[in-house]
Number of protein chains: 2
Amino acid sequence: MKYSRRTTPLKQTEIQGHHCSVDVRLEKLSKVAFFRELQQEQLDKINEHFRAAHIQKGEPVYHQGEEAKQLFVVVHGAVKLIHHTTEGKDILMDLLKPGEYFGGLPVLGDENYAETAYAQMTSCVLSIGAVDFEQVLHANPSVAVNLIEITTRRLKQARHRIHQFTTWPVEKRITSVLLMMGEKFGEDRKDGILIQVPFSRKDLADMTGTSSETASRIMRTFQDEGLIRSGRGWVAISDAEKLKQRYISDG
Amino acid sequence: MKYSRRTTPLKQTEIQGHHCSVDVRLEKLSKVAFFRELQQEQLDKINEHFRAAHIQKGEPVYHQGEEAKQLFVVVHGAVKLIHHTTEGKDILMDLLKPGEYFGGLPVLGDENYAETAYAQMTSCVLSIGAVDFEQVLHANPSVAVNLIEITTRRLKQARHRIHQFTTWPVEKRITSVLLMMGEKFGEDRKDGILIQVPFSRKDLADMTGTSSETASRIMRTFQDEGLIRSGRGWVAISDAEKLKQRYISDG
DNA sequence: GTACTAAATTGAGCCGGCTCATTTTAGTGC
DNA sequence: GCACTAAAATGAGCCGGCTCAATTTAGTAC
């Protein structure tokens, strides 16, 4: 990968027009884990309950502490969930790709949003309110069971993260996150996997519970070892296997 | 609190007979959060799906890694969930009181148990298998929604714990756990709140992600400041308000 | 009361990673 | 290509808490 003039390898997302066309909406709704198994007709009806919004990069979808009144689905782009701590630090809870949902509703046990949701890149999100969602629930009972499953999976992930924070050194944590990001947002190229979403050192630090200086140092090491390439706000994994072998398998 | 001869202040639980009498079972089942709102008749029917087991102190209910086939409810005693890490450390995920459930089922998204469940004291637990539970689900649709709510609440707790591990010093973490234990298992006495469940330094350390030596040192400090009293496997909080004010509010 | 022992305590060296400060540079606009 | 600047990198001092080792003692059995 050679840059004659330095430009980010990330795809530009300032595509003209609205990204929330019906086709794309329906496609992404069908990918929402708790709507799986539903027929096209059912999805069409559900789609009617959702409203679309176009969010500029860096803009919030909702703020931490606000009353939880809506569920959201990423249709295009990426959304980052940040918990702002009382100590003035940020914890990056998750970075969501199209088809993933976020937000909260009273019926699901949420009172206030525990985090602020930001568009990591220009994004299109769909939202549904409490009354509409309960209608969807009643009309499609399988949705409730699927929701339990997904919430349980998220709970397991959160618990695994507790494990990581308790016992894993920072290198290992960073490796784990890079590999996860490669799987979730990675674009295969002949020279590796480009994580096709803006992802800065601060994001990495906030997601692994370390400082951005430490994240930077470790990324420097990985780069010097030929395991990754990176620049301002982007990362490409040159050798995922070796990265995993060297920093995860060692224990 | 004066001990003429050193004996633990904890109640002895080697009560003769079986603790899983129908009255107690029904009472604790009605306290399970996802069975709330059900009528006595419904609870009677649900009770028929559960089997009882008597577990000796220190014995496991199930092992980490086993196939998840049952949900359990604590009727009497206390159950501790320990995740054994590959690094040889233990993470105390939760300490459950009567009325709380644990375990897992495929329908809820579980494949294997992520932790080993141990009886922290002689306990009586009820269990239900996959087929029975799905029947309960179908007969009582509100159970599914309640389950989402509870799982969501557990997810929030887990995420709060990530926040704590990321930014809180150990004193603050230990304080938080002591206060939580006081609320959950505390017995009010004129000289404070006795945590009426065995709770060692190792338990405290495993629950706060620190070493037992560090837990011991901090408890020594709290003791010297008159905030707690403790002995082998027991803790009493002498001044919860001051403990909170001094180690949590300071930020 | 004595004997016992595992839980709790204590001492001390070590280090991973933090904070603070400064410098370098990737990537954009023109 | 030049100018700019915020993201990334680098240096260095500091310390919270870990690990290892040894000692003390809470609570039980008899």
Within the structure shown, what part of the strands sits under 4.0 Å from A:S216 by heavy-atom distance: base, sugar-phosphate, or nothing?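 Since a base atom lies under 4.0 Å of A:S216, the category is base.
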
Counting the atoms with a prime plus P, OP1 and OP2 as sugar-phosphate, which does B:S211 contact under 4.0 Å by heavy atoms, base, sugar-phosphate, or nothing?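 B:S211: base contact, heavy atoms under 4.0 Å.
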
Specify the separation, in whole Å, of atom [atom1] of [X] and atom [atom2] of [N].
X      : N      : atom1 : atom2 : answer
A:D206 : D:dA8  : CG    : P     : 12 Å
A:F165 : C:dC18 : CZ    : P     : 11 Å
B:I218 : D:dG16 : CD1   : C1'   : 10 Å
B:R229 : D:dT25 : CZ    : P     : 17 Å
A:M219 : D:dA7  : CE    : C1'   : 13 Å
A:L10  : C:dA26 : CG    : C1'   : 13 Å
B:K57  : C:dA6  : NZ    : P     : 14 Å
B:I228 : C:dA8  : CD1   : C1'   : 12 Å

Can you check whether any acceptor in the base of D:dT25 is under 3.5 Å from a donor in the side chain of B:R232, or vice versa?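 Side chain to base: pair present.
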
Is there a donor on the side chain of B:R217 or the base of C:dG11 sitting less than 3.5 Å from an acceptor on the other?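 Check passes, donor-acceptor contact within cut-off.
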
Taking the side chain of [X] as heavy atoms from C-beta outward, which of [options] is closest to it?
X      : options                : result
A:T210 : C:dC18, C:dT9, C:dG17  : C:dC18
B:W234 : D:dG17, C:dG17, D:dG27 : D:dG27
B:R201 : C:dC20, C:dA8, D:dG17  : C:dA8
A:T214 : C:dG17, C:dT28, D:dC18 : C:dG17
A:P169 : C:dA26, C:dG17, C:dC20 : C:dG17

Taking the nucleotide of DNA chain C with the closest heavy atom to each, which residue, A:W168 or A:S230, is nearer the 5' end?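 The 5'-side residue here is A:W168.
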
Hey, which of these two, A:E171 or A:G231, hits DNA chain C nearer its 5' end, going by closest nucleotide?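 Between the two, 5'-proximity favours A:E171.
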
Restricting to non-hydrogen atoms, name the atom on A:I237 and the atom on A:L243 that form the minimum distance, rounded to 0.1 Å.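 Answer, listing the atom of A:I237 first, then A:L243: CG2-CD2, 4.2 Å.
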
Can you tell me if the side-chain N/O atoms of B:K89 get under 4.0 Å from OP1 or OP2 in D:dT19?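 Result: yes.
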
First encountered from the 5' end of DNA chain D, between B:A215 and A:R220: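 The residue mapped nearer the 5' terminus is A:R220.
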
Can you classify the ring geometry of A:F222 versus A:Y247 as parallel (below 30°), tilted (30 to 60°) or perpendicular (above 60°)?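 Aromatic pair A:F222/A:Y247 classed tilted.
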
For the pair B:F102 and B:F72, name the ring-plane relationship: parallel under 30°, tilted 30 to 60°, perpendicular over 60°.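 Rings of B:F102 and B:F72: parallel, under 30°.
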
Residue pair B:R232 / B:S200, side-chain donor-acceptor N/O under 3.5 Å: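 No, because no side-chain N or O of B:R232 sits under 3.5 Å from a partner of the opposite role on B:S200.
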
Do A:W234 and A:Q196 pair up side chain to side chain, a donor and an acceptor below 3.5 Å, judged on atom types alone?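 A:W234 vs A:Q196: no donor-acceptor pair found between side chains.
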
Counting only heavy atoms not in A:K156, do more than 12 fall under 6.0 Å of its NZ?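 Yes, the 6.0 Å shell around NZ holds more than 12 heavy atoms from other groups.
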
